Amino acid sequence: MSQKLNSGSTYTTIKWTDSVFLNMLGVILFGLTLFILLYCVGKKEPAHFPPGPFALPLFGNVFNIAVKQPHLYLTQLADTYGNVYCLRVGQEKTVFVCGWKMVKEVLVTQADTFADRPYQALYARLYNQHTGGLLCSNGKTWRRQRHFAMGTLRTFGLANGTVEKSICQESRHLHQAITHHKGQAFNPATVLNSAVANIICQVMFGKRFDYNDLNLRQLHTMMTEMVYLEGSVWALIYDAFPTLMKHLPGPHNRIFTNFQALQEFIGTQIKSHQLDLDPDNPRDYIDTFLLQIKDKENRELGFTEENLVLCCLDLFIAGTETSSKTLQWGLIFLVQNPHIQDKVQAEIEHVIGPNRFPEMADRARMPYTNAVIHEIQRMANIVPLNGTRMATRDTKLGDYVIPKGSTVLTILTSVLFDKNEWETPHTFNPGHFLDANGNFVKRNAFLPFSAGKRTCLGESLARMELFLFLVGMLQKFTFYAVEGVPLRSEGTVGLTRSPYPFEIRAEAR
Ligand code: HEM
């Protein structure tokens, strides 16, 4: 490492680069030590903070979580660190809570403390700094909008039986679409997405869409991709480094473009409602919301056109992805367990018969079918990590202190498969919901819809959809695997847990 310098007529060889190199190395090492020291001092946990694995400077545990099945990894960590532990995502610490007892403590016992969603850069960009929509807003806007959405769901469907009727009518379209495959292999995801989406579309927009509507099919594909990416490592990295990620190419950008496309679709529905809005005769959620916007005092509570788009979007996404995927898992589990499919069909035959459409009133006389649907939901584990919460005050969880502002994730997987609560946690077993006499029994640890103040807003609607669609399909068809192609029980995990694309056969009964 030497260099020749021309100094007048003679060449002087000085070994100066060696010393420059050593000096630079010294500066870098000093900088690095200072960074680690400052990092350790800055990141010193408060007293009695939950423990957790070693976190890298800057990235924290992002790469630990970025495994294919994060819900399983996060559940397993409880074996090492206990049911309340901490990981760092970028610079932010997140508290993870596992097992029925501790999750109940967060969601139910301390419901007021953990009712808010924390700041997340990704959702701040999508949801107007967390002030918009139903899923991510907080405070009085969220309370008012949640109350309004639940009331409107009741008015336009749950209270007067309209939704029940529209699910039965939609079942006819679904059965036609399945019959169309003439017993050949098909992927049921497309028709189930359309059938389920049409129910929430009728409540929101007052209309259904044809299963062959290419525009809507494309929106479903975008929605599925978006929900996957929102629960992927890309979302974690975006939240950790938003300023940088905003300018970098990568899959995370599709979250924003897909969201935009969905917003435009909703915007079109709203515009057409504005053209023929009759104040004395609101037809659906959009009409009712538009009438609230007319009152200027309501703006503060989120009754604006911009927020109408976001609330519709939340209802559309939360109301389609979840129920449709549960039904897809249901078909997979029933094909994998043909003796259970047989028993459900026998009960349908006995209580409803082959011709009459199922009604919600039938459920009370169908304990076995009811138990099977509950077990489908438990094993499907559709929202494996639940929605994110935030501690709004300093509080205690078990032996640990959770400071105000901490992000908290209650891992629903750890509840739905809690070995202290379920006899055979990893086996599909409708017996979990039946007593010795075959009567249906409720179970405390059945939490697919979460619990407490932010529990799923669409639970009643979802339960209706699952019962009526599933019973309707099993009344008319028997489902089989495609020969030589076993169905997989593991799935892909984003915000929701989806089956890998699969095909089955349906034979008319
Ligand atoms: C099988 C079907 C469904 C499952 C498993 C499910 C599950 C969940 C879960 C786990 C949450 C998070 C709750 C929390 O953070 O504690 C949630 C929230 C939500 N769900 Fe569902 N859901 C389903 C169907 C629906 C339907 C049909 C709708 C539409 C009406 C809907 C609308 C919502 C909304 C708006 C929220 C946000 C509530 C809030 O933050 O206040 N869900 N759901």
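What you see is a predicted model; the values in this text were computed from it and never measured. Whatever order the structure lists ligands and atoms in, that order sets their numbers, starting from 1.
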Colleague: For the rings on Phe259 and Tyr127, is their centre-to-centre separation under 6.0 Å?
Modeller: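 Yes, the ring of Phe259 comes within the 6.0 Å limit of the ring of Tyr127, centre to centre.
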Colleague: Do His432 and Thr424 have side-chain atoms, one donor and one acceptor, less than 3.5 Å apart?
Modeller: yes
Colleague: Are the side chain of Arg389 and the backbone of Phe114 linked by a donor-acceptor contact shorter than 3.5 Å?
Modeller: yes
Colleague: Distances for all N or O pairs of ligand 1 and the protein under 3.5 Å?
Modeller:
{"residue": "ligand 1", "atom": "15 (O)", "partner": "Arg117", "partner atom": "NH1", "Å": "2.8"}
{"residue": "ligand 1", "atom": "15 (O)", "partner": "Arg117", "partner atom": "NH2", "Å": "3.1"}
{"residue": "ligand 1", "atom": "15 (O)", "partner": "Arg389", "partner atom": "NE", "Å": "3.4"}
{"residue": "ligand 1", "atom": "16 (O)", "partner": "Asn386", "partner atom": "OD1", "Å": "3.4"}
{"residue": "ligand 1", "atom": "16 (O)", "partner": "Arg389", "partner atom": "NH2", "Å": "2.4"}
{"residue": "ligand 1", "atom": "16 (O)", "partner": "Ser450", "partner atom": "OG", "Å": "2.6"}
{"residue": "ligand 1", "atom": "40 (O)", "partner": "Arg117", "partner atom": "NH2", "Å": "2.9"}
{"residue": "ligand 1", "atom": "40 (O)", "partner": "Leu134", "partner atom": "O", "Å": "3.3"}
{"residue": "ligand 1", "atom": "40 (O)", "partner": "Arg454", "partner atom": "NE", "Å": "2.9"}
{"residue": "ligand 1", "atom": "40 (O)", "partner": "Arg454", "partner atom": "NH2", "Å": "3.3"}
{"residue": "ligand 1", "atom": "41 (O)", "partner": "Trp142", "partner atom": "NE1", "Å": "2.8"}
{"residue": "ligand 1", "atom": "41 (O)", "partner": "Arg146", "partner atom": "NH1", "Å": "2.8"}

Colleague: Charged N to carboxylate O under 4.0 angstrom, Arg144 versus Glu300?
Modeller: no
Colleague: Name each donor-acceptor pair under 3.5 Å that joins a side chain in residues 149-156 to protein atoms two or more places apart or in another chain, with its distance.
Modeller:
{"residue": "Thr152", "atom": "OG1", "partner": "Phe148", "partner atom": "O", "Å": "2.6"}
{"residue": "Thr155", "atom": "OG1", "partner": "Gly151", "partner atom": "O", "Å": "2.8"}

Colleague: Mind checking whether Phe446 and His374 have parallel, tilted or perpendicular rings, split at 30° and 60°?
Modeller: tilted
